[in-house]
Each structure stands twice: as structure tokens, then as C-alpha cells.
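Worksheet for the structure shown next.
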Amino acid sequence: QLQLVESGGGLVQPGGSLRLSCAASGVNLDYYAIGWFRQAPGKEREGVVCTSSSVRGVRFTNYADSVRGRFTISRDNAKNTVYLQMNSLKPKDTAVYYCAAKLGIQRATMNSSSYDNWGQGTQVTVSS
């Protein structure tokens with residue numbers, strides 16, 4: 001059974017960087033679509049970046065407008081881990097960040113209901 005474990009959150013000053021990790025056990029993540037979502041206090045969960053499962057070696061990625069150019073998703077298949085590199089962080093990026101996975105989705109969907117495996121979340125706080 002797929003288990004996802006996030007790590008890498010913490011407190012960072014505005015303009016700083018963090019790298020979140022989402023480690024999977026039990027399955028090969030290469031066959032899964034992966035999404036990073038976040039939820040700030042009092043707000044709904046929102047999609048940050050999502051990437052499809054591999055389709056004949058091609059993978060589709062979709063970034064939220066609010067993070068495009070600052071955040072980058074990547075995968076290390078050998079480690080069965082997905083990363084979210086976050087640069088130029090802003091206070092409005094403060095939230096609990098979750099990774100999610102779904103087998104075989106061949107599109108990069110930001111719809112959280114499309115994912116059926118979730119990690120426990122990691123807190124990111126951007127503050128001076």
C-alpha cells in the first residue's frame with residue numbers, strides 16, 4: 001500500500017528557499033500522478049503544482065499562477081521521492097503543504113479530489 005511522507009518544512013525568512021520532499025513506499029511513483037497542495041489557516045486547500053504519470057516517457061506539469069517561476073517540482077525515481085523546490089518565498093506561501101498521489105492519471109490535474117493517497121503534511125512558515 002502506498003504511503004507518502006513529507007519532510008523539509010520549517011521557518012524561513014521572506015525571499016528564502018526550502019525544499020520539500022515526498023517519499024513514497026510500497027509502490028513505484030513513476031506510475032503515479034503527483035500533486036503538491038497547500039492549506040493556509042482559514043482557507044481552502046489549493047493546488048500548487050501537479051505532474052502526471054509518465055506517458056511513453058512524457059510527463060505533463062502544471063503550476064499554479066501564484067508559484068510559477070518560483071517553485072519547481074522534480075522526481076528522483078531511484079529514491080522514489082518527489083521534491084518541491086521553493087524559492088523567493090513570500091509570507092503568503094505560509095501553509096501546511098501536502099503531497100498527494102494517484103495511480104495512472106495521464107494529466108496534471110489540480111483537482112484534489114482526483115487524488116486518493118495523501119501525506120500527513122509539513123508546515124511551511126515564511127516570516128521575518
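Only this structure's heavy atoms are used, side chains among them; waters, hydrogens and symmetry mates stay out.
Side-chain N or O atoms of Ser53 include one that pairs as donor or acceptor with a backbone N or O of Ile105 at under 3.5 Å. Of the possible polar contacts, one joining the Ser52 side chain to the Phe60 backbone as a donor-acceptor pair under 3.5 Å is found. Using a distance-only test at 3.5 Å, with no hydrogens or angles considered, no donor-acceptor pair links the side chain of Tyr98 to the main chain of Glu6. In this structure, the side chain of Arg19 does not engage the main chain of Gln85 through any donor-acceptor pair within 3.5 Å. Side chain of Gln120 to backbone of Val5: no donor-acceptor contact under 3.5 angstrom is found. Checking side-chain atoms of Ser21 against main-chain N and O of Ala23 turns up no donor-acceptor pair under 3.5 Å. At distances below 3.5 Å, not a single donor-acceptor pair connects side-chain atoms of Thr125 with backbone N or O atoms of Thr94. A donor-acceptor contact shorter than 3.5 Å links the side chain of Asn80 to the backbone of Val27.
Shown here for Gly8 and Leu18, the closest heavy-atom pair between the two residues is O-CD2, 3.8 Å. Across all their heavy atoms, Leu20 and Gly9 have their closest contact at CD2-N, 3.6 Å. Residue Cys22 comes nearest to Leu29 through the heavy atom pair O-CD1, 4.4 Å, listed as atom of the first residue, atom of the second, then distance. A pairwise comparison of heavy atoms in Ser128 and Pro14 identifies N-CD, 3.7 Å as the closest pair. Closest of all the heavy-atom pairs between Ala33 and Arg107 is CB-O, 4.4 Å. Between Leu4 and Ala24, the shortest heavy-atom distance links the atoms CD2-CB, 3.9 Å.
Within a 6.0 Å sphere centred on CD of Gln3, other residues, nucleotides and ligands contribute 12 heavy atoms or fewer.
Side-chain contact between Val124 and Val126 is present, with heavy atoms from C-beta onward closer than 4.5 Å. Taking the side chain as every heavy atom from C-beta outward, Ser127 and Leu11 approach each other to under 4.5 Å. Inter-residue side-chain proximity for Leu2 and Lys102 is flagged as unmet; no heavy-atom pair is nearer than 4.5 Å. With contacts defined as side-chain heavy-atom distances shorter than 4.5 Å, the pair Arg38/Val67 qualifies.
Ring geometry for Phe71 against Tyr97 counts as tilted: the plane angle lies between 30° and 60°, on a 0 to 90° scale. Using a 30° and 60° split on the angle between ring planes, Tyr115 and Phe37 fall in the perpendicular class, above 60°.
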- Worked verdict on Asp30 versus Arg59 for side chain to side chain contact (heavy atoms under 4.5 Å, CB included): CA-CA 10 Å; Asp30 199 35; Arg59 204 181 299 279; 2.4 Å; yes

Legend entry - Pair Met86-Val48, side chain to side chain contact (heavy atoms under 4.5 Å, CB included): steps then yes or no: CA-CA 11 Å; Met86 305 186 296; Val48 175; over 6 Å; no

Test side chain to side chain contact (heavy atoms under 4.5 Å, CB included) applied to Ser112 and Glu44, step by step
CA-CA 11 Å; Ser112 61; Glu44 294 186 355; over 6 Å; no

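Under the 4.5 Å side-chain heavy-atom criterion for ILVMFWY residues, a single connected hydrophobic cluster contains both Tyr31 and Ile73. Note: the hydrophobic cluster containing Ile34 also contains Leu103 (ILVMFWY, side chain heavy atoms under 4.5 Å, direct or indirect links). By the rule that hydrophobic residues join a cluster once side-chain heavy atoms approach within less than 4.5 Å of another member, Tyr32 and Tyr83 end up as members of separate clusters.
Rounded to the nearest 0.5 angstrom, Tyr63 OH and Thr72 OG1 are separated by 4.5 Å. In this structure, Cys50 SG and Asn111 CG are separated by 9.0 Å, a value rounded to the nearest 0.5 Å.
Ion pairing between Arg68 and Asp65 holds under the 4.0 Å rule for side-chain N and carboxylate O.
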